[in-house]
Amino acid sequence: MDPIICSAKGCRAEAKWQLRWNNPKLHTPDRRKIWLACDTHRTTLSDFLTARGFLRDVIPVAADTLDT
């Protein structure tokens with residue numbers, strides 16, 4: 001299995017966190033998009049989504065919790 005990589009631009013670190021979000025103008029309330037974050041980028045990616053009102057929750061990465 002390939003490592004799960006952080007979604008931050010240019011980052012190749014292993015992701016430790018799922019930032020689960022949705023854009024209420026585009027997605028139904030139950031829909032969750034996922035950005036993956038390493039420990040270094042968790043805060044900056046979360047802040048970006050929070051500023052737009054998109055962030056719904058942050059949970060640790062686990063194979064059984066990733067939506068594919």
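Counting begins at 1 with the first residue of the sequence. This one's a predicted model, so the numbers in the text were calculated from it and none came from an experiment.
Q18 approaches P60 most closely through the heavy-atom pair NE2-O, 3.5 Å.
Taking hydrophobic clusters as Ile, Leu, Val, Met, Phe, Trp and Tyr residues chained together by side-chain heavy-atom distances below 4.5 Å, L19 does not share a cluster with I34. Under the 4.5 Å side-chain heavy-atom criterion for ILVMFWY residues, no single connected hydrophobic cluster contains both I4 and W35.
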Problem set entry | Test log, rule side chain to side chain contact (heavy atoms under 4.5 Å, CB included), inputs R20 and V58 | CA-CA 6 Å; R20 298 167 61 93; V58 178; over 6 Å; no
With a cut-off of 3.5 Å and sequence neighbours excluded, list every side-chain donor-acceptor pair involving residues 22-30.
| from | atom 1 | to | atom 2 | distance (Å) |
| --- | --- | --- | --- | --- |
| N22 | OD1 | R56 | NE | 3.1 |
| N22 | OD1 | R56 | NH2 | 2.9 |
| N22 | ND2 | T28 | O | 3.1 |
| N22 | ND2 | P29 | O | 3.4 |
| N22 | ND2 | R31 | O | 3.3 |
| N23 | OD1 | K25 | N | 2.9 |
| H27 | ND1 | N23 | N | 2.9 |
| H27 | ND1 | N23 | O | 3.4 |
| T28 | OG1 | D30 | OD1 | 2.7 |

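Between the CG atom in D47 and the CZ atom in R42 there is a gap of 11.0 Å [rounded to 0.5 Å]. One finds the SG atom of C11 at 9.0 Å from the CG atom of L45 (value rounded to the nearest 0.5 Å).
Contact of the I5 side chain with the R12 side chain is registered, since non-hydrogen atoms from C-beta on lie closer than 4.5 Å.
Listed for the S7 side chain is a donor-acceptor partner under 3.5 Å among the backbone atoms of L36.
If you check the side chains of W17 and D39, you find a donor sitting under 3.5 Å from an acceptor.
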